[in-house]
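Side chains are part of it too, since the values below use all heavy atoms of this structure and drop only hydrogens, waters and symmetry mates. Numbered from 1 within each chain, the chains take letters A, B, ... in sequence-line order.
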Amino acid sequence: MARPTFQALPGTRDLFSPDTDRMRELVSVFAEQAATAGFALVVPPMFEDVGVFRRLGEASDVVSKELYDFHDKGGRHIALRPEQTASVCRMFAENRPLVPWKAWYAGPNFRHDKPQKGRYRQFDQVGAEVIGSHDPDVDIELIALAARFYARIGLHRVRLMVNSLGDAADRPRYLSALRAHFEADLDALSEQSRATLLVNPLRVLDSKRPGDAALIEAAPVLLDYISDEAAAAFARVQAGLAALDVDFDVSPRLVRGLDYYTRTTFEFAADGLDAAQNAVGGGGRYDGLIADLGGGEEPGVGFALGVDRTLLACDAEEAFPAPSTGVQVWVIDTVGALDGLQIADEIRRAGVRCDRSFDGRSMKAQMKAADRSGATLAVIIGADEASNATASIRPLRGGGDQYQVPRADLLSALRATLGADADHGSAISSPTSTTTRETLES
RNA sequence: GUGGCCGUAGCUCAGUUGGUUAGAGCGCCAGGUUGUGAUCCUGGAUGUCGGGGGUUCGAAUCCCCUCGGUCACCCCA
C-alpha cells in the first residue's frame, strides 16, 4: 500500500459510520425538539467579516488567539466562525425578521487551539437563539429545551449551573470591587490569573488553578451587585426552572468565556467527562450584542451544545447508541445480465434498504458480502431463477428456509418476511449494532 | 502557545544487549465446496518500521530534527 500523500489537518477528523450515523441522529433529535418549541432552522455562512466576531470579546482567547482569519481575493478580512451566535445576530441585524425571532442551527465551528480530547479545531455545535424579548420566560424555555434534549438522548449525568451577570450598567461596580479584592492579595494569585486580571477580571473567577481557589472563594459575589430588575429576572428564571422540574444549581462564580453575556448565564457540565472538557453546552443573555452589530437595541438569549462532547459524555454513560443504518436486503446475481441491477432498483424504489455486489464475483463471495452487510435477507438470481423468472429468498439471520417466488411476487414476499422478522426484533440485530457497542466501549 | 507519553500490515500489537529476507492475531482475497454466508482446513496479498538526517561493518532498536497522535496545562463546546 502506498503511503498517503496527505492526511487530515491537526484538530480535524475523518468521521465514518457509525459515528456519523450517531451524529446525524443527534442533530435530528435536536431539530425535532427545536421545531416542537417553535424554532426555525437558520443556516448562517461559515465565514464572516472578522468584525462580526470581534464583539465576542477582545480579551477572550477565542477572538484574540484562536480565530481562523485570512484575507480573501477582494482584500476583505475574513474569519471562519468560532461559534454561531454572532452570525445569527448579524443575520438578524441585516434581515430584521419579526420579533421574537426564534432560530436554531447546527454545524461546524472553527477555533485554532491545540487539539486534545473533546477539543477540535473543527467542531460541531447545535444551538438555539431568541432575539427580541426581555422576558425571562424565554431564558427558562431555552434552558428547558437544552435540558429536555439531554434527557431525550438518554444523557442523565449532566449538571445545570445558572448565574446572573446583571446588566451592563451593573458591571463596572462589581468589576472594581473584584479588582480591589484580588489586588489586595496579588501575591496569592497565580501568574496567569494576574495576567487575566488586567484584561478581564471577571474571568479570574473561571480559574481552575488550585492555588487561586481560596482567593476566588472569598471574592465578592456578583449577585450582590446586580440591579433590582436583573435580580427579579433571575428570581423568575429560578422559579420557572423549578416549576418545570429542571434541576439546577446557582453558581455565583459561573462566568462564561465570551464577553457579550448579560443577566442569565448557564452551563451544562457532564459528570461522565474529565473536568478539562466537561462543559458540554452553555449559553445566556446577550442584551448588548445586537446593538454592537448595528441591529438596534434588541435583547437576545441563546445557547449552544457541543455535539462531539455530548457524544463523548454519552459514551461514558453508554447512552445514545448509533442507529442501525445497514441494508435489509442483499441482491446476489451470478448470471451477470440486467436482473441484479433491476431487482435492486425495484427494491430500493419500494423504500427497502438494499445493496449488492459488483465486479462479477463468485456466489460464495457475494454470499459473504451479504452476510457481512448485516442484511436480513438475500435475494438470489442464478441460472435457474433467470430461466424461469423467479427469485430465491434466503434468510440470513437464523430461522427459515430458502424459497423461490415468481419474480412478480418478489416485493410482497420480501415485505412479508422482513415484517415478520422485525416483529421478532431480528431485523435490527445486525453487525452494525455490534460495531456500535465496540465503539462505545473503546 | 507550554510540557509528558506514543508512532511497526487495513486494525490490535510482538520484535531479545543494534545482527540474515521484520512477525502474530484479527480482517481481506482465493481454494477445499460445478450456484449458498456466519464454523473448520489450506494457500495468498499488503509494510520506504511516520518522515529526514546522523552514529555504526550493520538501525524498527541509539542520537538529533521534523511531522502526526494522545494526555495535561491554558482555553473552551
Side-chain angles (χ1 to χ4, degrees), chain A residues 1-13 56-57 59-66 82-85 108-127 146 190-193 195-196 200 203 206-210 255-258 267-270 273-283 303-313 330 332-336 357 359 361-375 377-387 392-398 401-402 430-431 434-435 438 442:
Chain A
M1 283 297 148
R3 186 160 38 92
T5 310
F6 298 107
Q7 57 192 116
L9 259 14
T12 69
R13 297 161 301 156
L56 305 180
S60 76
D61 282 9
V62 170
V63 172
S64 63
K65 295 195 279 196
E66 298 172 359
E83 53 114 63
Q84 287 174 256
T85 300
N109 306 296
F110 308 86
R111 296 182 193 175
H112 193 127
D113 49 10
K114 187 148 175 182
Q116 67 181 60
K117 188 175 187 183
R119 193 173 80 181
Y120 306 101
R121 288 182 176 178
Q122 176 179 332
F123 63 100
D124 277 83
Q125 287 183 331
V126 294
S190 67
E191 199 182 318
Q192 280 137 328
S193 288
T196 308
N200 190 343
R203 243 207 305 289
D206 227 3
S207 163
K208 287 170 185 162
R209 286 170 286 272
V255 295
R256 305 265 314 145
L258 303 170
E267 195 166 300
F268 291 91
L273 297 179
D274 295 331
Q277 63 274 345
N278 71 350
V280 290
F303 68 82
L305 311 180
V307 170
D308 308 289
R309 282 189 187 179
T310 298
L311 254 16
L312 236 35
W330 195 271
I332 290 171
D333 175 6
T334 56
V335 178
S357 297
D359 301 301
R361 310 236 279 147
S362 71
M363 162 152 272
K364 177 177 174 146
Q366 293 191 50
M367 279 301 295
K368 250 184 115 146
D371 182 57
R372 196 164 40 222
S373 76
L377 299 177
V379 170
I380 301 171
I381 306 299
D384 295 352
E385 289 86 349
S387 65
S392 290
I393 298 178
R394 180 181 177 81
L396 296 171
R397 312 286 139 203
D401 292 325
Q402 179 172 329
S430 65
T434 309
T435 312
E438 284 162 6
S442 62

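Atom C1' of B:A59 sits at a distance of 10 Å from the matching atom of B:U55, rounded to the whole Å. Across the P atoms, B:A30 and B:A38 are found 12 Å apart, a figure rounded to whole Å. B:G51 and B:G69: their C1' atoms are spaced 15 Å apart (whole Å). If you take atom C1' in B:C71 and the same atom in B:C11, they sit 22 Å apart, rounded to whole Å. Distance noted for atom C1' between B:G47 and B:U8: 8 Å (whole Å). One C1' atom belongs to B:C73, the other to B:C64, and the distance between them is 27 Å to the nearest Å. Across the C1' atoms, B:G23 and B:A14 are found 7 Å apart, a figure rounded to whole Å. Taking atom C1' in both B:G68 and B:C29, the straight-line distance is 31 Å, to the nearest Å.
Within 4.0 Å (heavy atoms only), A:Leu273 reaches no atom of the nucleic acid at all. Among the heavy atoms of the strands lying under 4.0 Å from A:Lys364 is at least one base atom, whether or not backbone atoms are also near. Among the heavy atoms of the strands lying under 4.0 Å from A:Arg361 are primed sugar atoms or P, OP1, OP2 only; no base atom is included. Within 4.0 Å (heavy atoms only), A:Gly282 reaches no atom of the nucleic acid at all. Residue-level contact check: A:Asp274 touches the backbone only, with heavy atoms under 4.0 Å from sugar-phosphate atoms and none from bases. A:Gln122 comes within contact range of no nucleotide atom at all, as no heavy-atom separation falls under 4.0 Å. Across all strands, A:Gly11 comes closer than 4.0 Å only to sugar-phosphate atoms, never to a base (heavy-atom distances). No engagement by A:Ala370 is indicated, since no non-hydrogen atom pair under 4.0 Å with the nucleic acid exists. Backbone-only contact: A:Arg203 has heavy atoms under 4.0 Å from sugar-phosphate atoms and none from a base. At a threshold of 4.0 angstrom between heavy atoms, the contacts of A:Ile332 with the nucleic acid are absent. Contacts of A:Gly382 with the nucleic acid, taken as non-hydrogen atoms under 4.0 Å apart, include base atoms.
B:A45 is unpaired under the Watson-Crick or G-U wobble criterion, no partner having all donor-acceptor distances under 3.5 Å. Using Watson-Crick or G-U wobble geometry with both donor-acceptor distances under 3.5 Å, B:U21 finds no partner in any strand shown. Pair assignment for B:U55 gives none, since no Watson-Crick or G-U wobble pairing has each distance under 3.5 Å. In a base pair of the Watson-Crick type (N1 to N3 plus N6-O4 or O6-N4) or a G-U wobble (N1-O2 and O6-N3), with each distance short of 3.5 Å, B:C5 is matched with B:G69. Judged by Watson-Crick or G-U wobble contacts below 3.5 Å, the nucleotide B:U36 has no partner. Base pairing annotation: B:C26 forms a Watson-Crick or G-U wobble pair with B:G10, both donor-acceptor distances under 3.5 Å.
Between A:Gln116 and B:A72, a side-chain N or O to OP1/OP2 separation shorter than 4.0 Å is present. Using a 4.0 Å cut-off, no side-chain N or O of A:Arg119 falls inside it from OP1 or OP2 of B:U70. Note on A:Arg372: a side-chain N or O is less than 4.0 Å away from OP1 or OP2 of B:C28. For A:Arg394 and B:G35, the shortest distance from a side-chain N or O to OP1 or OP2 is not below 4.0 Å.
For B:U2, the base has a donor-acceptor partner in the side chain of A:Lys114 [N/O atoms by modelled type, under 3.5 angstrom]. Taking only distance into account, the side chain of A:Gln402 never meets the base of B:G37 through a donor-acceptor pair shorter than 3.5 Å.
Between A:Arg397 and A:Asp371, at least one side-chain nitrogen of the basic residue sits less than 4.0 Å from a carboxylate oxygen of the acidic one, meeting the salt-bridge criterion.
Picking from B:G37, B:G31, B:C76 the nucleotide with the shortest atom distance to the side chain of A:Asp371 gives B:G37. The nucleotide whose nearest atom lies closest to any side-chain atom of A:Lys117 is, among B:C75, B:C71, B:G37, B:C71. If you check B:G31, B:C67, B:G69 against the side chain of A:Gln7, the one that comes closest is B:C67. For A:Ala365, whose side chain is taken as the heavy atoms from C-beta onward, the closest listed nucleotide among B:A77, B:G37, B:A30 is B:A30. For A:Arg309, the listed nucleotide lying nearest its side chain is B:A77; candidates were B:G35, B:G31, B:A77.
Remark: C1' of B:C29 and CD of A:Gln366 are 15 Å apart, rounded to the nearest angstrom. Nucleotide B:G31 holds its P atom 15 Å from the CE atom of A:Met367, rounded to whole Å. Counting to the nearest Å, the P atom of B:A72 and the CG atom of A:Asp113 are 14 Å from each other. One can place CG of A:Leu56 at 14 Å from C1' of B:C75, the figure rounded to the nearest angstrom. As rounded to whole Å, 8 Å separates atom C1' of B:C29 from atom NZ of A:Lys368. When the C1' atom of B:G37 is taken as reference, atom CZ of A:Arg397 falls 8 Å away, rounded to whole Å. Atom-to-atom, CG of A:Asp308 to P of B:A77 comes out at 13 Å; the value is rounded to the nearest Å.
Taking CE of A:Met367 as the start and CZ of A:Arg394 as the end, the distance is 4.5 Å to the nearest 0.5 Å. A:Ile381 contributes atom CD1, which lies 11.0 Å from atom CG of A:Asp384 (distance to the nearest 0.5 angstrom).
With a 4.5 Å cut-off on side-chain heavy atoms, A:Met363 and A:Ile380 count as touching. Residues A:Asp113 and A:Asp61 fail the side-chain proximity criterion, which asks for heavy atoms closer than 4.5 Å. Within the 4.5 Å cutoff, the side chain of A:Leu9 has no heavy atoms near those of the A:Arg121 side chain. Counting heavy atoms from C-beta outward, A:Arg119 and A:Arg111 have side chains that stay 4.5 Å or more apart.
Between A:Leu9 and A:Glu267, the residue whose closest nucleotide on RNA chain B is further toward the 5' end is A:Leu9. Each of A:Ser392 and A:Phe268 lies near RNA chain B, and the nucleotide nearest A:Ser392 is the one positioned closer to the 5' end.
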